[in-house]
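Just below is one structure, and these are the notes that go with it.
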Amino acid sequence: MDAKALPPGQEWAVQRRLEDLLAKIAEKYGDLTGRVEVTHRPEKSFDQIGGLKAAKASLRGFATALTDPELYRKWGITPPKGVLLYGPPGTGKSLLARALASVAKATFYHLKLQNLTSKFGPNVGDLLPEILSLAVQEPRTVIFLDEADALSLEHLLPPPQAREASARLIAILAEKIDSIADFSQVFVVAATSRTDAIDPSLVAPGRLDRLIEVPLPDPQAQEEIFLLNKTQAEQAAGRPLFADLDFRSLLPPMGGMSGAEIQEVIRRALETKAQRAGAGEHVGVVTTQELLQEIDGYRRIKEVVEKIRYGQYL
Ligand code: ADP
């Protein structure tokens, strides 16, 4: 048995203690709901992540830095402090970070930096060190800096002020990462879909110096992701929800879709069913044809959103 394993009944007590500690910080600064989440030993296996073979293999490897850092000592080196996951939105970066915490039986601190900076602005510079200090006190921790590009503060301030405030923030964060003791079973994972907005000092040697690409899924990975999300919905419902699906028809129109988009298409197909059942219709399981319609509908909405975003209607 893992030396760090707790009797199941005590797991909830640890979770409660972690949340109480976070609540104390929230009393001082303001509500952290949706901005910081702490989970004691999250449950997410690498097998629940579709595609991403190389990224999964890298992160599995880094689990040793958390579970058995002494192995690094035996080979005359210190464990790495952390990694940067980069790739388009919705490709599974958060899932990977969570799965790392899960296999390493670590506490998972999820810092949603876009939401944190949007609420607290440059004051995140006061709040961040307090959260990180809490995190490093745990016996084994994964600190996940989600949407790390938000530290540039470009979304909040005009460029000169953003640069100045962001430099201060990055300096504070870098100091915190540098102060993580070697062999201390703390691992930092940062994620971004915008490498251009990541301060190079964050990925300097000795900091988050391993870069791991998290690309959009190819058709085979898309099928895997589809099936994983389908199984998840069916398990939640406790019954089959889909007919035998024809992926030769489904995959071509899904070209370029991220995992999050595939999940959204599935959710919409199921939502349509729930609504029709609500209207008193007798509805069967989801068919290939219905999914094709949802994919088409999703694509059209996506195009409209992008057109608005890029100002083509102005
Ligand atoms: P990111 O952090 O890269 O923006 P997430 O990890 O938050 O993306 O993914 C959002 C959701 O999309 C997940 O909860 C999952 O349902 C789905 N998803 C994305 N990528 C994958 C994947 N590779 N395998 C399985 N599901 C995925």
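Reckoned from all heavy atoms, side chains included, excluding hydrogens, waters and symmetry mates. Whatever order the structure lists them in is the order used to number ligands and atoms, beginning at 1.
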Salt-bridge test for [X] and [Y]: reply yes if a basic N is under 4.0 Å from a carboxylate O, no otherwise.
X	Y	result
Glu43	Arg98	no
Glu147	Lys112	no
Asp296	Arg268	no

Checking side-chain polar atoms at under 3.5 Å, does Glu290 have a donor or acceptor matched by the opposite partner on Thr272?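 Absent: no donor and acceptor within the cut-off.
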Under 3.5 Å, is there a donor on one side chain and an acceptor on the other for Tyr109 and Glu138?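 Per modelled atom types, Tyr109 and Glu138 side chains form no pair under 3.5 Å.
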Who are the residue neighbours of ligand 1 when the rule is a heavy atom under 4.0 Å from any of its atoms?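 Around ligand 1, where the cutoff is 4.0 Å for heavy atoms, the contacting residues are Gln48, Ile49, Gly50, Leu52, Pro89, Gly90, Thr91, Gly92, Lys93, Ser94, Leu95, Ile225, Asn229, Gly259, Ala260, Gln263.
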Taking ILVMFWY side chains as joined if any heavy atoms are under 4.5 angstrom apart, and letting links pass through other members, which residues group with Ile172?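 Direct or chained contacts put Ile172 with none.
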